[in-house]
Amino acid sequence: MAEQLYKIGKVSELTGLSVERLRMWEQRHEIRPTKKVNRIRFYDDDQLAKLTIIKELIDRGFSIGELKDLSVKELKPLLGLPSGVSQQSELSLVVVGDTWNFVDTLSSSNYEVSARFLTLETFCEWSVSERHVNFDAIVVLVTSLDVEKIDEMTSVSDVPVFAVYKYASESDLIQAHDASIFVEKLQDTNWQAVVETIATKVETEDDTYVEYQRFDEEQLEHLRRCKTNERVEPESLVEIVYLQRAIIDHLSRDADSALDIAVAEAVKTAENSIERALLAIADKHQLLV
């Protein structure tokens, strides 16, 4: 079957890009037609698809400089908007950065990348104009952990922020902790592990020790004396919760190293898990009615 080719006028009609702009991109950005015959430009189906996506993304605020070197496969995730998130997804993530294979790791999970941006500046502009759009977390993919910039550019959105970085100093990690930015180090491009960690933290963010305690002390003291004949009684779980909270308080009070911060965050996650187990027992036996 003969290859389908399109003259520049037809490409302009199908994509909404002017002939003048297509010619300018050819000269300045090397977005060249498949072939020229007697100065007549011809584009193939792949080029038509790429130009169609680029036109839509430019209308959303991207620049041709950001898009020109990306393939159709790399461009397509940028078309996703939070308003189009699948009803089956439990969480919607907005991803900022240039590590494109991140989206592929979510294909078998209940988490969906609902919007993508190449730069923090582009995300910031979009979030200001789209304040009505809801999403659950922002994932920023960076080479160097610039906490001040991340905090400034994401402060317009009141959702958890996760920074996946290649390089950071100890002071960067402490600064991220102070700014309530969760951090993950990218190691050997193990994106699945990164995604699982982010998913866990997003799920428990509203229940963390600092932001919200599922049980207050009066509730814990009440649950400590309750008996259920379960394999694990509430009293044992209450004791674990108290111990975990003491560790968190100790580490958070005088955190002076990245290790202290990492341990405190890990214990917070563990505490949330124990409290969820305690809540399950309390609900089953109606201990807090």
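Only heavy atoms go into these numbers, but all of them, side chains included; no hydrogens, no water, no symmetry mates.
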Assess whether a salt bridge exists between [X] and [Y], defined as any Lys/Arg side-chain N lying under 4.0 Å from an Asp/Glu carboxylate O.
X	Y	value
R245	E217	no
E13	K10	yes
K227	E235	yes

* Asked: What do the steps show when you test W25 against K68 for side-chain contact (heavy atoms from CB on, under 4.5 Å), and what is the final call?
  -> CA-CA 9 Å; W25 285 358; K68 65 185 181 69; over 6 Å; no
* **Trace of the side-chain contact (heavy atoms from CB on, under 4.5 Å) decision for D172 with S169** => CA-CA 5 Å; D172 290 331; S169 66; 3.0 Å; yes
* To do: Assert yes or no for the condition that the ring centre distance of F182 to F162 is strictly below 6.0 Å.
  =>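 Yes, close enough.
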Are any non-hydrogen side-chain atoms of [X] and [Y] less than 4.5 angstrom apart?
X	Y	answer
T15	I54	no
P33	Y43	yes
L237	E230	no

* **Partner of L145 by side chain to side chain contact (heavy atoms under 4.5 Å, CB included), out of L173, V164, V140, I181** =>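 Only one option passes, and that is L173.
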Judged by atom type as modelled, is there a donor-acceptor pair below 3.5 Å linking the side chain of [X] to the main-chain atoms of [Y]?
X	Y	value
K185	K166	yes
Q219	D216	yes
E30	E26	no
S12	L17	yes
Q4	D45	no

* Asked: Any idea how F123 and F117 line up, ring-wise: parallel (<30°), tilted (30 to 60°), or perpendicular (>60°)?
  ->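 Judged by the thresholds at 30° and 60°, the geometry between F123 and F117 is perpendicular.
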* To do: List the steps and the verdict of side-chain contact (heavy atoms from CB on, under 4.5 Å) for I8 and R23.
  => CA-CA 9 Å; I8 191 171; R23 287 173 176 164; 3.9 Å; yes
* Contacts of I247 that satisfy side chain to side chain contact (heavy atoms under 4.5 Å, CB included) - sequence neighbours left out ->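 For I247 the side chain to side chain contact (heavy atoms under 4.5 Å, CB included) partners, ignoring immediate neighbours, are L243, L251, V267.
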* With E239, which residues qualify under side chain to side chain contact (heavy atoms under 4.5 Å, CB included), at least two apart? ->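 Side chain to side chain contact (heavy atoms under 4.5 Å, CB included) list for E239, sorted by chain: R224.
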* Please lay out, stage by stage, how L51 and I31 fare under the test side-chain contact (heavy atoms from CB on, under 4.5 Å). => CA-CA 9 Å; L51 289 168; I31 301 179; 4.1 Å; yes
* If you group Ile, Leu, Val, Met, Phe, Trp and Tyr by side-chain heavy-atom gaps below 4.5 Å, do V142 and Y167 land in one group? ->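 No, no single cluster joins them.
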* What pairs with D151 under side chain to side chain donor-acceptor pair (under 3.5 Å), at least two apart in sequence or on another chain? ->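 Partners of D151 under the side chain to side chain donor-acceptor pair (under 3.5 Å) test: none.
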